[in-house]
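Here the structure is laid out as structure tokens; the discussion comes afterwards.
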Protein chains: 2
Amino acid sequence: MLQPSGLEWTDPECPVARAADLVGDKWTLLIIRDSLDGKRRFSEFEKSLGVAKNILSDRLRLLVDRGLLARIPNQSGTRSQYELTDAGRDLFTLILSLRQWGERNAFTAGESHSVLIDPSTGQPVPEVRPLSADGQELGPDQALLVKVGQPLPEAAR
Amino acid sequence: MLQPSGLEWTDPECPVARAADLVGDKWTLLIIRDSLDGKRRFSEFEKSLGVAKNILSDRLRLLVDRGLLARIPNQSGTRSQYELTDAGRDLFTLILSLRQWGERNAFTAGESHSVLIDPSTGQPVPEVRPLSADGQELGPDQALLVKVGQPLPEAAR
DNA sequence: CCGTATCCATTCCGATACTG
DNA sequence: CAGTATCGGAATGGATACGG
């Protein structure tokens, strides 16, 4: 489990809130995006993001501390590499959701954007969609939040 | 399209970055979470989030300006309601991805958390997973980022 | 109950300079 | 190249006070 030092959960019993505490930050999300795209080095992130060095340094340190990146020092003691851990790689679904929401909602018809391709088909990756167990699309109105401590609804037992 | 006033894109051609500019903030994500859970009123958000009033007021204004929430004023001029727009409701997949990543990676085996139930089955909502067009699971190593301006790989044409 | 306004401490962030 | 250190302005965030 991710065990960040000195982090107080905003809402300890909600997984959305814990996730937001860990990765709910613009630079953090973009570093993960770049990591999933194969970037490893400080300068690669710096060039890609155009972020100040101290901020990049801070976010990389946080990501390592939170268990999303592993810092691999070089033999010469410098030029470390930052590789995704399993928990970090598991953010692929989240970043893809972000990307596809952005494609649907943050571009006009005429604007172009980068695309994520599935090499096995050569086509853009299909949209991620929540599905019910029977394969039906599941929307926000069909889902029900159950708080901890509350008994599950009859049908769930 | 979402047209926020006075917002400079961090990386205009990347949908992940545009999405992060719009919703890549802890309080914003948690307000969306609550909205998807049916919350509508200032005091509901305030009680749920424990956030300072000025911050909540600021984030609600931003979310309305960015087209994710609609402010519905009451007849008496006060007690507005904040309802999700279509673009806001479309964040369901993202919030669900956040939730499920948090469940997998931010809790130990013994800790309990809130659960999202699909009423049609009574069971927790199945995990959202990226799929290839042929129905195979798609991981980060099988996906390829194509920048704008670059020609698509042969197979994609 | 629904906010807005103000004060204050803290953090964020960019720019720059500096070290190995 | 890979950072750390520092400075200053801007934004964040909590607390409280205040009006509709």
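Just the heavy atoms: all of them, side chains too, but no hydrogens, waters or symmetry mates, feed the values below. A note on names: the letters A, B, ... follow the listed sequences, proteins ahead of strands, and every chain is numbered from 1.
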Item checked: Closest to the A:Lys53 side chain, choosing from D:dG3, D:dG13, C:dC13 ->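 Among the listed nucleotides, the one closest to the side chain of A:Lys53 is D:dG3.
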Does a nitrogen or oxygen in the side chain of [X] sit under 4.0 Å from OP1 or OP2 of [N]?
| X | N | value |
| --- | --- | --- |
| A:Ser57 | D:dA2 | no |
| A:Arg41 | D:dC1 | no |
| A:Arg79 | D:dG3 | no |
| B:Arg71 | C:dG3 | yes |
| B:Tyr82 | C:dC2 | no |

Taking atom [atom2] of [N] as reference, at what distance in whole Å does atom [atom1] of [X] sit?
| X | N | atom1 | atom2 | answer |
| --- | --- | --- | --- | --- |
| A:Ile55 | D:dC7 | CD1 | P | 16 Å |
| A:Phe45 | D:dA2 | CZ | C1' | 13 Å |
| B:Lys26 | D:dT12 | NZ | P | 13 Å |
| B:Glu44 | C:dC1 | CD | C1' | 12 Å |
| B:Arg59 | C:dT4 | CZ | P | 14 Å |
| A:Leu56 | C:dC13 | CG | P | 12 Å |
| A:Glu8 | D:dG13 | CD | P | 16 Å |
| A:Leu60 | D:dA2 | CG | C1' | 11 Å |

Item checked: Nearest-nucleotide 5' precedence on DNA chain C, B:Phe42 against B:Asn54 ->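 The answer here is B:Phe42.
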Notebook entry, point to check: Do B:Thr10 and B:Arg18 get their side chains close enough for a donor-acceptor pair, meaning under 3.5 Å?
Noted result: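 There is no such pair (donor and acceptor under 3.5 Å, judged by atom type) between the side chains of B:Thr10 and B:Arg18.
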Next item on the list: May I ask you to establish whether A:Arg41 and A:Tyr82 are in a cation-pi arrangement, using a distance under 6.0 Å from NZ or CZ to the six-membered ring centre and at most 45° from the ring axis?
Entry: no
Note to self: Taking the side chain as everything from C-beta on, heavy atoms only, tell me whether B:Leu69 gets closer than 4.5 Å to B:Leu60.
What the structure shows: yes
Note to self: Donor-acceptor check, side chain of A:Ser57 to backbone of A:Lys53, threshold 3.5 angstrom: yes or no?
What the structure shows: no
Margin query: Donor-acceptor check, side chain of A:Gln142 to backbone of A:Leu138, threshold 3.5 angstrom: yes or no?
Written below: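 Not a single qualifying donor-acceptor pair exists.
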